[in-house]
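What follows is one structure encoded as structure tokens, with my remarks underneath.
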Amino acid sequence: MSRRRFAMPTPPGVADFHTQGAASTGNWETDRADERWVPTHCSFCGVQCGMYLRVTDEGVIGVEPRMDTQNRGKLCPKGVAAYQQIEHPDRLTYPLVRDGGDLRRASWDEAMDRVVDGIRRIQDAHGPHAMATYGGASMTTEKTYLLGKFARIGLGTRYTDYNGRMCMVSAGAANNSAFDIDRTANPISDVAEADVAILIGANVPETFPIFIRHFWALIDRGGVLICVDPRETTLARVAQLHLPIRPGTDAALLNAMLHVIVAEDLVDHAFVDAHTVRFDEAAASVAEWTPGAASEVCGVPSTDIVTAARLYGRAGKAMINHARGLEHQIMGTRNAQAAINLCLATGNLGRPGAGYGTITGQGNGQGGREHGQKCDQLPGQRRFDDPGAIEHTAQVWGVDPSEIPEKGVPIFAQLDLMEAGQIRGVLNFCSNPIVSWPEQARTQKILESLDLYVVSDMFLSESALLADVVLPSAAWAESEGVIANSDARVLKINKAVDPPGEARTDIEIICDLAHRLGRGQYFTYDSPRAVFDELRHASRGGRADYYGITYERLDDPAGIAWPCPSQDHPGTPRLFEDLRFGFPDGRARFNPVTYEPPAEEPDDEYPYRLTTGRDVAHYLSGNQTRRLGYLTDQSPAPWAEVHPDTAAAHGITDGDAVRLTTRRGTTVLATRVVRTIRPDTVFVPYHWAPPIAANQLTISRFDPTSGIPNYKACAVKIERSTDPATPVPIPPVPTGGSDT
Ligand code: SF4
């Protein structure tokens, strides 16, 4: 098999700071008397690259390299530009309240009174569970922990959830069902040590650019890379095998690979017998999934399915990693389970280069899902039905166990309750659902129907524009705290400057609200460190045990991978090295996977599959990155990516405006005609707001186990358009009204 490393296209922008020197020495000072360097990590994706922020009396003026185990002194375009948010003129610097239909400036007292009056009115009339909180996983872990606590004993509601519902929950549900823990099993660096690595539904060069070095290292060592993706990504282009799968059909492919592994007896029987249960059920469940049958469903040639299965099944050490391409489906959890079934059948777990990983999308997508912000979880990844979980949490919080409400439901089930008038108020911290939730028209209608909708954010997002009250919050560089990267390494971010104007940290906002609601005795923190110390105790003994991690230990930019149960514990970079899994019997679970077609299949009226994803220059809803000129210059607007055959069938040439229409909505975008996408598939990146938002088109259907939206496959039609694609201006921050 030929090595094609030399043919690697230029990755989509990785800045190499290696030669700039000083940072790699650990020297935090510069020669300039008016400048200091603050060690921290990037605010964006789950790689969480190390960086220094350059700070002078004028504020944050730039970024410098910081060597950590992930980035080795490199940053992608987003990381290079991240500091520009901090002094950005669009920052929210004072609260806003709605008056007569418009937002106007208000004092903190007026804004908080408006929030508290609204909460009291709703809860007096409809009970405590008529309020809900919704948080972002880009916040520090302290903030996410505190928001979950505030929902439960500040508001007394069972309805809290987080925006990882759109990100990691399918992977988490699958991990829990197979291993009884929600964490990547192996560090991503293990890819470089594998003989064979399978990457499914993960456009690493665009979404986690710094991780690409592990895949290059694999290829340079002579390892085999297999990429599964409807698009030939820049990494798929140099893989030994690219399987251009039809969107939404991953389980068919993975079941067929297990079929081949069973049929050709590539099973590691010693591992299966000693360390797993339900293998026979899983093997029986794939009996019908011959490569030919799977090929009909997933569009991958059956010979390539067999080749992939043999390469993987015969490898001494093999890795599987996936991301949202596999997970953003009604089959998301089952797809991830099908991937894990392959690891278990071949004994690929618990060794360097042999294992499994899910790549985290959001900056703190791992830490934000560990300590109680999720609807069904208490701190430390405790579940409500874990023995003693409620009692332990209540003891740390200083409340009676009966004061902790029962577990809630995922945010997208809460939307049904909002439509039914059962949930009437939402406090939204650090998320932009108008852009990021599916079926944007429905989202807007629901948010507009609430009696109270409050947003805390650093910029006036499209969702904040609909709020009754907008609270200006601090950016990541304006307070300290911890995050956990994609490897579950807990890292420390540090404060560089004060928040601008009257902006406050979310910790201050939550504690102030609790005091005004008469629950202040449970929210008496004088610093993020105090919140973290309580979190350590709350997580103690749980799956995500942080008890042994301290701020001091996190001065090392490599951080500490949890679980870390004591201060002399080194952390756990790789799970399952002792081949014991989280269940009481110590065995991992096979989960037989039943295939179900995507939520909406193409038909005569809507003949293509729409799939959505990310662009290297932008982050999530784009609320931060769409304001940064360096990034918008690279990527000013979304596009519709189609194959030349598709374009020709509709008389479209590269750059033409094209109208995309689904049963939910329509938009006009510029076309990119490329040979690197399936002819039956249309790709649109999702970082922009209406009227060019991908989520005007997507469908409100959800994985029944994880509650993740089905972003990756719905039916769409395309037409050449005489209307041009429309860029969206950034709305100005309102002024006027009362001052402080
Ligand atoms: Fe690193 Fe991700 Fe930030 Fe890019 S966006 S610099 S890859 S953490």
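Counting convention: from 1, in listed order, for ligands and their atoms alike. For the numbers below, each heavy atom of this structure counts, side chains included, while hydrogens, waters and symmetry mates do not. We number each residue from 1, following the sequence as shown.
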- Assess C49: does it contribute an N, O or S atom lying under 2.8 Å from atom 3 (Fe) of ligand 1? no
- Message: Could you tell me if S138 and Q362 have a donor-acceptor pair between their side chains, going purely by distance under 3.5 Å?
- Response: yes
- Show which atoms of ligand 1 fall inside a sub-4.0 Å distance from at least one heavy-atom site of P209. 7 (S)
- Query: Under 30°, 30 to 60°, or over 60°: which ring-plane class applies to F683 and W639, parallel, tilted or perpendicular?
  - Reply: tilted
- Can you tell me if N71 has a non-hydrogen atom under 4.0 Å from ligand 1? no
- Provide, to 0.1 Å, the distance between atom 3 (Fe) of ligand 1 and the closest protein heavy atom, together with that atom's residue and name. C42 SG, 2.3 Å
- Do the ring centers of Y134 and F429 come within less than 6.0 Å of each other? no
- Query: Salt bridge or not for K495 and E478, using N-O below 4.0 Å?
  - Reply: no
- Query: Should the pair H687 and H618 be assigned to parallel (<30°), tilted (30 to 60°) or perpendicular (>60°) ring geometry?
  - Reply: tilted
- Report, in ascending order of atom number, the atoms of ligand 1 lying under 4.0 Å from any heavy atom of F44. 5 (S)
- Item | Where ligand 1 meets K78 - atom numbers and elements under 4.0 angstrom, heavy-atom basis | 5 (S)
- Of the protein's non-hydrogen atoms, which lies at the shortest distance from atom 2 (Fe) of ligand 1, and what is that distance? C45 SG, 2.3 Å
- Determine whether the aromatic ring centres of H371 and Y145 lie less than 6.0 Å apart. no
- Task: Report the nearest protein non-hydrogen atom to atom 7 (S) of ligand 1: residue, atom name, distance rounded to 0.1 Å.
- Result: I210 CG1, 3.5 Å
- Query: Got the closest protein heavy atom to atom 4 (Fe) of ligand 1, with its distance?
  - Reply: C76 SG, 2.3 Å
- Hey, do the aromatic rings of F211 and W216 have their centres closer than 6.0 Å? no
- With backbone taken as N, CA, C and O and side chain as the heavy atoms from C-beta onward, which portion of M51 lies under 4.0 Å from ligand 1: side chain, backbone, both, or neither? neither
